[in-house]
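Because the structure is predicted, anything quoted here is derived from the model rather than measured.
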Amino acid sequence: MSKRRYSSELVDGPTKAPGRSMLRAVGFSDEDFKKPQIGIASTWAQVTPCNMHIDKLAEAAKVAADEAGGKALIFNTITISDGIANGYEGMKYSLVSREVIADSIETVAGCEAFDGLVTIGGCDKNMPGCMMAMARLNRPSVFVYGGTIQPGKNHTDIISVFEAVGQYAKGDIALTDLEEVERTAIPGPGSCGGMYTANTMASAIEAMGMSLPGSSAQNAVSQQKLQDCRDASAAVVALLEKDIKPSDIMTREAFENAITVVIALGGSTNAVLHLLAMANAIGVELSIDDFTEIGKRVPLLADLRPSGRYMMSELVEIGGILPLMKRLLDKGLLHGDCLTVTGKTMAENLAGVEDYPADQDIIRDFDKPIKADSHLRILRGNLAPEGAVAKITGKEGERFSGSAKVYHSENETYQAILDGDVVAGDVIVIRYEGPKGGPGMQEMLSPTSAIMGRGLGNDVALITDGRFSGGSHGFVVGHVAPEAAEGGPIALVENGDQITIDAVTNEIVLHVDDAELARRRSEWKAPEPRYKRGVLAKFARLVGSASKGAVTDEFRD
């Protein structure tokens with residue numbers, strides 16, 4: 001197989017002189033046309049600290065690709081900031097951006113006939129977006145994570161700021177205290193510092209074998225991260241020589257490895273949504289029930305934020321996730337024969353990995369887990385026939401029963417919590433925020449953080465057809481499907497209804513009899529779409545159920 005399978009069709013022969021003339025203008029020499037072309041997809045932007053440094057990483061990757069015998073070209077795609085947009089109507093664009101990013105990378109690489117790809121992502125949606133594009137294109141590719149941020153003053157991060165808003169609303173801290181947290185929690189470049197969605201997805205992608213060993217646990221501003229970019233480009237050229245493609249790596253077993261590591265680390269509920277979408281893109285059968293089955297045998301071992309004490313930068317200091325993966329492999333919980341972007345198997349990559357220092361307490365031993373099974377719970381019942389996703393570490397209890405308090409938007413709910421309208425014993429229901437209804441399935445970080453800030457974390461539950469930030473914690477259930485906009489049972493809940501959430505039996509029950517639900521259904525009317533043109537309207541028309549990853553291009557064999 002030629003290393004120039006795609007680019008040769010674009011630049012070889014007399015008829016391709018016009019294209020070559022364009023490429024000469026961007027720096028190609030005669031010799032460059034004989035080299036495989038490597039696309040470097042950069043998610044650089046100034047709109048978020050997660051991605052503000054990625055231009056430098058892309059440049060390092062470009063130089064290394066050229067040195068390895070390829071010819072690299074950098075191109076950009078978009079990114080948005082969940083941390084900035086949370087609690088605002090613009091947050092509805094967040095999940096939509098995952099699809100736009102995947103589409104844009106596929107579009108550029110497909111048009112420009114790149115033979116291989118290096119994609120560099122640093123925030124929640126551009127990471128799975130990069131992976132979905134590489135899966136669709138199915139040509140030799142490596143993902144590079146932009147790296148984690150350093151802790152802010154007094155061990156703070158972005159979640160500290162969100163929760164400080166709730167503390168201020170309750171009167172526990174002064175405005176000057178809130179302002180001090182605001183000014184000092186985000187000290188520079190890098191993704192949000194706990195085991196939130198960015199670090200979760202970076203870890204999942206490494207466990208899947210689509211990034212280099214150690215790539216997920218590096219500081220954003222470091223020589224290690226720059227070297228990771230250089231190594232990734234060299235790896236892509238080597239993959240071209242061996243004709244190793246994403247479909248060779250992103251197998252069913254590789255997805256099982258990713259789920260296993262996400263559970264052990266206490267990762268974000270968004271991993272469910274994104275791994276389903278990535279599996280769809282590569283054509284691998286994966287369902288929400290697979291998270292349940294794997295979760296029965298994999299314990300939660302990492303004491304990481306949001307529910308734990310430590311940040312990703314502290315995990316970096318003790319060796320990252322490689323020693324954890326080695327432990328999981330030795331316990332028979334990982335598939336060691338899975339191929340990776342090194343050209344070696346997972347077991348071969350982990351063979352020489354040393355264990356964590358003896359005095360560390362970030363990663364627990366198997367005989368002293370934080371939770372004996374998964375914190376990611378797939379719940380079913382008459383309130384969520386297609387399933388819902390909860391993040392229950394056990395610290396918030398494993399069962400909650402209370403009275404429904406219903407809201408029709410995140411913003412309405414957030415203000416109600418700050419105003420003190422939510423009280424102990426409430427089950428907050430936020431509906432019409434699903435993939436179609438929102439549209440965009442925005443995160444509920446502002447309400448969950450306000451709950452924590454007001455000291456209600458152990459006293460209320462929250463359920464929604466929307467989703468949560470990786471920074472959310474507490475007794476929260478998202479991805480309720482079918483969603484309210486499609487007439488799902490969550491649309492029929494009324495104030496005062498009793499709801500029980502059981503994370504042991506994996507049930508979510510609305511205590512209303514079938515006859516009454518039938519009566520309510522007969523009176524229910526679908527709401528008018530909130531957006532009738534533009535990207536949000538397009539997303540609402542195309543998107544599928546959250547139980548299948550909320551994708552706009554469901555795979556059909």
Asker: Would K296 and D373 pass as an ion pair if we require N to O under 4.0 Å?
Answerer: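 No, this pair does not count.
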
Asker: Which residues pass the salt bridge (Lys or Arg N to Asp or Glu O under 4.0 Å) test with E285, sequence neighbours left out?
Answerer: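 Salt bridge (Lys or Arg N to Asp or Glu O under 4.0 Å) check on E285 returns nothing, list empty.
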
Asker: Going by the rule salt bridge (Lys or Arg N to Asp or Glu O under 4.0 Å), which residues pair with E256 if we only count those two or more places apart in sequence or in a different chain?
Answerer: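 Applying salt bridge (Lys or Arg N to Asp or Glu O under 4.0 Å) to E256 gives R252.
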
Asker: With a 3.5 Å distance limit and no angle check, can you tell me whether D426 reaches the backbone of V460 through a side-chain donor-acceptor pair?
Answerer: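 Absent.
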
Asker: According to side chain to side chain contact (heavy atoms under 4.5 Å, CB included), who are the partners of H53, at least two apart in sequence or on a separate chain?
Answerer: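 Partners of H53 by the side chain to side chain contact (heavy atoms under 4.5 Å, CB included) criterion, ordered by chain and then number, come out as L57, P189, A220.
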
Asker: For D231, enumerate each residue passing the salt bridge (Lys or Arg N to Asp or Glu O under 4.0 Å) test, keeping only those at least two apart in sequence or located in another chain.
Answerer: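 Salt bridge (Lys or Arg N to Asp or Glu O under 4.0 Å) check on D231 returns nothing, list empty.
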
Asker: Distance from I463 atom CD1 to H479 atom NE2, nearest 0.5 Å?
Answerer: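 So the gap between those two atoms works out to 13.5 Å.
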
Asker: Enumerate, atom names and distances included, each donor-acceptor pair closer than 3.5 Å involving a side-chain atom of residues 200-216, sequence neighbours excluded.
Answerer:
{"residue": "T200", "atom": "OG1", "partner": "M195", "partner atom": "O", "Å": "3.4"}
{"residue": "T200", "atom": "OG1", "partner": "Y196", "partner atom": "O", "Å": "2.7"}
{"residue": "T200", "atom": "OG1", "partner": "S268", "partner atom": "N", "Å": "3.1"}
{"residue": "S203", "atom": "OG", "partner": "N199", "partner atom": "O", "Å": "2.8"}
{"residue": "E206", "atom": "OE1", "partner": "S215", "partner atom": "N", "Å": "3.4"}
{"residue": "E206", "atom": "OE1", "partner": "S216", "partner atom": "N", "Å": "2.9"}
{"residue": "E206", "atom": "OE1", "partner": "S216", "partner atom": "OG", "Å": "2.6"}
{"residue": "E206", "atom": "OE2", "partner": "G214", "partner atom": "N", "Å": "2.8"}
{"residue": "S211", "atom": "OG", "partner": "E206", "partner atom": "N", "Å": "3.4"}
{"residue": "S215", "atom": "OG", "partner": "D228", "partner atom": "OD2", "Å": "2.8"}

Asker: Enter the distance from K391:NZ to S307:OG here, rounded to the nearest 0.5 Å.
Answerer: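 Here the interatomic distance stands at 6.0 Å.
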
Asker: Donor-acceptor pairs under 3.5 Å, side chain of residues 357-368 to any protein atom, not counting sequence neighbours: which ones?
Answerer:
{"residue": "Q360", "atom": "OE1", "partner": "I362", "partner atom": "N", "Å": "2.8"}
{"residue": "Q360", "atom": "OE1", "partner": "I363", "partner atom": "N", "Å": "2.9"}
{"residue": "Q360", "atom": "NE2", "partner": "I363", "partner atom": "O", "Å": "2.9"}
{"residue": "D361", "atom": "OD1", "partner": "Y310", "partner atom": "OH", "Å": "2.5"}
{"residue": "D361", "atom": "OD2", "partner": "R309", "partner atom": "NH2", "Å": "3.3"}
{"residue": "D361", "atom": "OD2", "partner": "Y310", "partner atom": "OH", "Å": "3.3"}
{"residue": "R364", "atom": "NH1", "partner": "K368", "partner atom": "O", "Å": "3.3"}
{"residue": "D365", "atom": "OD1", "partner": "R327", "partner atom": "NH1", "Å": "3.4"}

Asker: Kindly state each residue pair satisfying side-chain hydrogen bond (donor to acceptor under 3.5 Å, both in side chains) with at least one member in residues 444-453, sequence neighbours excluded.
Answerer: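 Every side-chain hydrogen bond (donor to acceptor under 3.5 Å, both in side chains) pair that includes a residue of residues 444-453, provided the two are not neighbours, is T448-S472.
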
Asker: Test of understanding: with side chain to side chain contact (heavy atoms under 4.5 Å, CB included), list the residues that count as partners of D289, not counting sequence neighbours.
Answerer: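 D289 satisfies side chain to side chain contact (heavy atoms under 4.5 Å, CB included) with S287, I378, R380 only.
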
Asker: Would you say Q442 and E433 make side-chain contact, with heavy atoms under 4.5 Å?
Answerer: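 A side-chain contact under 4.5 Å exists here.
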
Asker: I'd like to check the side chain to side chain contact (heavy atoms under 4.5 Å, CB included) partners of I101; sequence neighbours left out, ordered by chain and number.
Answerer: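 I101: side chain to side chain contact (heavy atoms under 4.5 Å, CB included) contacts with T77, I78, S97, I105, N126.
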
Asker: Does D124 pair with R98 as a salt bridge, N-O distance under 4.0 Å?
Answerer: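 Judged by the 4.0 Å cut-off on N to carboxylate O distance, D124 and R98 do not form a salt bridge.
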
Asker: Can you run down the salt bridge (charged side-chain N to carboxylate O under 4.0 Å, His left out) pairs that involve residues 453-479, sequence neighbours left out, and say none if there aren't any?
Answerer: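 Output for this query lists E443-R467.
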
Asker: What residues, two or more places apart in sequence or in another chain, satisfy ring pair (Phe, Tyr, Trp, His ring centres under 6.0 Å) together with F400?
Answerer: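 Ring pair (Phe, Tyr, Trp, His ring centres under 6.0 Å) check on F400 returns F475.
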
Asker: Does any pair with a residue in residues 166-187 pass side-chain hydrogen bond (donor to acceptor under 3.5 Å, both in side chains), and if so which ones, sequence neighbours excluded?
Answerer: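 Checked against side-chain hydrogen bond (donor to acceptor under 3.5 Å, both in side chains) - neighbours excluded - the pairs reaching residues 166-187 are K153-E180.
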
